[in-house]
Amino acid sequence: MKTALQGPVRVRFAPSPTGFLHVGGARTAIYNDLLRQNLGGSFILRIEDTDKARSDEAMTRQIQSALTWIGVEWDEGPFLQSERLPRHRERAEELLAAGKAYRCFCTPELIETQREEAQRKGETFRYPRTCAALTAGETETRLAGGVPYAVRFRLPEGNIRFHDLLRGEMDFPQDALDDFILLRSDGSPTYHMSVVVDDIDMGITHVIRGDDHLSNTPKHVPLFLALADRVPVFAHLPLILGPDRKRLSKRIGSTSVEEFRNEGILAQALYNFLALLGWAPGEDRELLSRREMIELFTIEGLNASAAVFDREKLLWMNQQYILSLPFAELAPQLAPFLAELGVPTGDPARVEAIVDLYRPRAKTLRELAEAVPSFFAESLPYDAEACAKFLADPALPGYLEALAARFAAVPSFDVPSLDAALRTLAEELEVKAAALIHPARMAVSAATGGPPLFDLIALVGREATARRLGDFVRFLRQARPA
RNA sequence: GUCCCCAUCGUCUAGAGGCCUAGGACAUCGCCCUUUCAAGGCGACAACACGGGUUCGAAUCCCGUUGGGGAUACCA
């Protein structure tokens, strides 16, 4: 039953521009991308902007830039659904002419009353097909009288069956559906009409979309049949859930691609993470490039159950990418964060060295960037509370002055020399190296943790190290309670 | 309410009737490495929702229950 899919395919991603690109949508786009790249064919981007009130042109651009950023490529489009409305109407007229659709003169108010009535009785409301029974003459009279009408699809008899690549054979009882509306009374097509016409005209072979459309598919299937005599292959992806097992919502944190980007998540990491949320490439592999994922991707490998979005794992994966990406690939995505913090651009080699030092210590690009500015700062803010231990030691200022002198005397300001200088002094003073290392770290970086001290000092530089040790000694002498 | 979908560690998952004493990863907790913080290495904890079948044998197949999700618009 599960035959391997053959290419070329024509797939589409069809977001509505009512907000930023959601991670759920991004994942749908990713699976379409993976399938298209794996089998060959075309990825069509279609913006479903027919709800003019909620659609926004800026969002359309946003979505495109988010897709480009994350690494999803489309071959055709973006097509704006709003520009195709006349075509949708035209196809509806054809159905009308063929008797596969009919005019419905019932007012929305009447329908609403009937719906409420049905609800009160605990029944499922289905349009009672009042107008389906209208004679040609009755229809003409109303038309002549200018009575507004909607166009309804005449649902064919029989259960609706279709195959879903993830769920298998689907069978919906006919009475779960009713004669749904194709054209509203203002002549505008409904979503169902638009999607089906567009999918037909664009030659879509595989419809890969969110699970929330599974219940819409029984409407689309007979429409496809009425309009084109041909139905695409469907694959309905499970939804992404929040930690509360509810639909991923804003309360939990970031939900849009844009937000993750601003937090400092790498595009590669987000693509990788989202692709693995519901798909396993096999052999317990988790860190894969887009190339590798394309190679290994199969629709059969997709999971049918909903997945909870695990922020911690995303952060871990992001760190793995930060750790392993060549600097040349990291730099462009890191640059905006550095710029935001006012890091000078004059010495890229030094920035690279600093970044390399902090890679294993940052989960996001933002954290990574935040480590950089202090290397360029004139002076550092020392916190008395964090330095309580150092303040309590009356001998320390003297030691640090001695250390500064040793560092100043080092011929070459590099890690081995600095290391030797400090350890020699510690021996002479008969203290543990750690007794000098910790305060020196505080002096030079205003932090209790961080990269190995000598790497740190070498990058801070001879001049700034001397200055900071001096500053810190002064701070200790001033802040110490008398 | 009705229709539909889903169900393995806390989370993402491997698992296509015997390979399962249920594997990997994140998280958590130990230990190692270490000047600190990370990273890394090693280890521990931890799951087949429940009940019936089918079968010599079931995490895997069937039915039911429960739980979760989705759909029920002249929204998309």
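Computed from heavy atoms alone, side chains included, the values below leave out hydrogens, waters and symmetry copies. All values reported here derive from a predicted model rather than from experimental measurement.
For B:rG30, the paired base is B:rC42 (Watson-Crick or G-U wobble, both distances below 3.5 Å). For B:rU21, there is no paired nucleotide, since no Watson-Crick or G-U wobble pair has both relevant distances below 3.5 Å. B:rU60: no Watson-Crick or G-U partner with both key distances under 3.5 Å is found in any strand. When both distances must be under 3.5 Å, the Watson-Crick or G-U wobble mate of B:rG67 is B:rC6. When Watson-Crick and G-U wobble pairs are counted only if both distances are under 3.5 Å, B:rU55 pairs with no nucleotide at all. With a cut-off of 3.5 Å on both pairing distances, B:rU36 has no Watson-Crick or G-U wobble partner at all.
A:Arg167 has no side-chain polar atom (N or O) that falls below the 4.0 Å cut-off from OP1 or OP2 of B:rG70. A:Arg103 has no side-chain polar atom (N or O) that falls below the 4.0 Å cut-off from OP1 or OP2 of B:rC74.
Atom pair A:Phe105:CZ and B:rC74:P shows a separation of 17 Å (rounding to whole Å applied). In this structure, the CG atom of A:Asp199 is 15 Å from the P atom of B:rA76, given to the nearest Å. Look at CD1 on A:Ile111: it is 11 Å from P on B:rA73, rounded to the nearest Å. Distance CG (A:Asp175) to C1' (B:rC3): 9 Å, rounded to an integer number of Å. B:rU72 atom P lies 19 Å from atom CD of A:Gln114, rounded to whole Å. A:Lys219 has its NZ atom 17 Å from the P atom of B:rC3, to the nearest Å. Rounded to whole Å, the distance from CD on A:Gln119 to C1' on B:rA73 is 12 Å. Between the P atom of B:rA73 and the NE2 atom of A:His213 lies a distance of 16 Å, rounded to the nearest Å.
Nearest-nucleotide assignment on RNA chain B puts the 5′-proximal partner with A:Glu312, out of A:Glu312 and A:Ser215. Summary of the strand contacts: A:Leu241 and A:Asp186 both lie near RNA chain B, and taking for each the nucleotide with the nearest heavy atom, the more 5' one is attributed to A:Leu241.
Partner of A:Arg152 under the side chain to side chain contact (heavy atoms under 4.5 Å, CB included) criterion, chosen from A:Leu183, A:Leu182, A:Ile181: A:Ile181.
Nucleotides B:rU13 and B:rU72, compared at atom P, are 26 Å apart to the nearest Å. Between B:rC3 and B:rU60, the two P atoms lie 26 Å apart (nearest whole Å). Taking the P atom of each, B:rG15 and B:rA73 are spaced 39 Å apart, rounded to whole Å. Straight-line distance between the P atoms of B:rC37 and B:rU28: roughly 16 Å, to the nearest whole Å. Rounded to a whole angstrom, the distance from the P atom of B:rA39 to that of B:rC26 is 11 Å. Separation of the C1' atoms belonging to B:rC42 and B:rU8 is 26 Å when rounded to the nearest angstrom. B:rU66 and B:rC29 have their C1' atoms separated by 33 Å, given to the nearest Å. To the nearest whole angstrom, the two C1' atoms, one in B:rA46 and one in B:rA22, are 12 Å apart.
Here A:Met317 lies out of heavy-atom contact (under 4.0 Å) with every strand. Note on A:Arg247: only backbone sugar-phosphate atoms sit closer than 4.0 angstrom, heavy atoms only; bases stay farther off. Within 4.0 Å of A:Arg115, counting heavy atoms only, lie sugar-phosphate atoms of the nucleic acid but no base atom.
Of all nucleotides listed (B:rG68, B:rG70, B:rG1), B:rG68 comes nearest to the side chain of A:Lys246. Of the candidates B:rA71, B:rG1, B:rC74, B:rC74 carries the atom nearest the A:Pro108 side chain, counting heavy atoms from C-beta on.
For the atom pair CG (A:Asp171) and CG (A:Asn159), the distance works out to 4.5 Å, reported to the nearest 0.5 Å. Rounding to the nearest 0.5 Å gives a distance of 11.0 Å between CD of A:Glu116 and CD of A:Gln114.
Here A:Arg61 pairs with A:Glu57 under the side chain to side chain donor-acceptor pair (under 3.5 Å) rule; sequence neighbours left out.
A salt bridge links A:Arg247 with A:Asp212: the closest approach of a Lys/Arg side-chain nitrogen to an acidic carboxylate oxygen falls below 4.0 angstrom. Salt bridge status for A:Arg126 with A:Asp175: absent, with no side-chain N to carboxylate O gap under 4.0 Å. Salt-bridge check for A:Arg290 with A:Asp33: passed, with a basic side-chain N closer than 4.0 Å to an acidic carboxylate O.
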Distances under 3.5 Å between nitrogen or oxygen atoms of protein and nucleotides 10-13 of chain B:
{"unit_1": "B:rC12", "atom_1": "OP1", "unit_2": "A:Val308", "atom_2": "N", "d": "3.0"}
{"unit_1": "B:rC12", "atom_1": "O2'", "unit_2": "A:Leu276", "atom_2": "O", "d": "3.3"}
{"unit_1": "B:rU13", "atom_1": "OP1", "unit_2": "A:Gly278", "atom_2": "N", "d": "2.7"}

Identify each atom pair where a protein N or O and an N or O of nucleotides 32-42 of chain B are less than 3.5 Å apart, giving names and distance.
{"unit_1": "B:rU35", "atom_1": "O2'", "unit_2": "A:His438", "atom_2": "NE2", "d": "2.8"}
{"unit_1": "B:rU35", "atom_1": "O2", "unit_2": "A:Arg441", "atom_2": "NH2", "d": "3.1"}
{"unit_1": "B:rU35", "atom_1": "N3", "unit_2": "A:Leu453", "atom_2": "N", "d": "3.3"}
{"unit_1": "B:rU35", "atom_1": "O4", "unit_2": "A:Leu453", "atom_2": "N", "d": "3.3"}
{"unit_1": "B:rU36", "atom_1": "O2'", "unit_2": "A:Thr448", "atom_2": "O", "d": "3.2"}
{"unit_1": "B:rU36", "atom_1": "O2", "unit_2": "A:Gly450", "atom_2": "N", "d": "2.8"}
{"unit_1": "B:rU36", "atom_1": "O2", "unit_2": "A:Gly450", "atom_2": "O", "d": "3.1"}
{"unit_1": "B:rU36", "atom_1": "N3", "unit_2": "A:Arg441", "atom_2": "NH2", "d": "3.1"}
{"unit_1": "B:rU36", "atom_1": "N3", "unit_2": "A:Gly450", "atom_2": "O", "d": "2.5"}
{"unit_1": "B:rU36", "atom_1": "O4", "unit_2": "A:Pro452", "atom_2": "N", "d": "3.2"}
{"unit_1": "B:rC37", "atom_1": "O2", "unit_2": "A:Arg361", "atom_2": "NE", "d": "2.7"}
{"unit_1": "B:rC37", "atom_1": "O2", "unit_2": "A:Gly450", "atom_2": "O", "d": "3.3"}
{"unit_1": "B:rC37", "atom_1": "N3", "unit_2": "A:Arg361", "atom_2": "NE", "d": "3.3"}
{"unit_1": "B:rC37", "atom_1": "N3", "unit_2": "A:Arg361", "atom_2": "NH2", "d": "2.9"}
{"unit_1": "B:rC37", "atom_1": "N3", "unit_2": "A:Gly450", "atom_2": "O", "d": "3.2"}
{"unit_1": "B:rA38", "atom_1": "O2'", "unit_2": "A:Pro360", "atom_2": "O", "d": "2.3"}
{"unit_1": "B:rA39", "atom_1": "O4'", "unit_2": "A:Pro360", "atom_2": "O", "d": "3.3"}
{"unit_1": "B:rG40", "atom_1": "OP1", "unit_2": "A:Gln320", "atom_2": "NE2", "d": "3.1"}

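Cation-pi geometry between A:Arg84 and A:Phe79 is not met: the NZ or CZ atom fails to fall both under 6.0 Å from the ring centre and inside 45° of the normal.
No side-chain donor-acceptor contact under 3.5 Å links A:Ser374 and A:Arg468.
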Cut-off 3.5 Å, no hydrogens considered: what does the side-chain donor-acceptor table look like for residues 19-30 of chain A, sequence neighbours left out?
{"unit_1": "A:His22", "atom_1": "ND1", "unit_2": "A:Gly24", "atom_2": "N", "d": "2.9"}
{"unit_1": "A:Arg27", "atom_1": "NH1", "unit_2": "A:Leu277", "atom_2": "O", "d": "2.4"}
{"unit_1": "A:Arg27", "atom_1": "NH2", "unit_2": "A:Pro238", "atom_2": "O", "d": "2.3"}
{"unit_1": "A:Thr28", "atom_1": "OG1", "unit_2": "A:Gly24", "atom_2": "O", "d": "3.1"}

Please set out all donor-acceptor pairs under 3.5 angstrom arising from side-chain atoms of residues 448-460 of chain A, sequence neighbours excluded.
none

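Between A:Phe180 and A:Phe153, the ring planes lie tilted relative to each other; the angle falls in the 30° to 60° range. Between A:Tyr102 and A:Tyr127, the ring planes lie parallel to each other; the angle is under 30°, not in the 30° to 60° tilted range.
In the region residues 187-194 of chain A, proximity to RNA chain B at under 4.0 angstrom, judged on heavy atoms, holds for A:Thr190, A:Tyr191, A:His192.
With ring centers used as reference points, A:Tyr31 lies 6.0 Å or more from A:Phe13.
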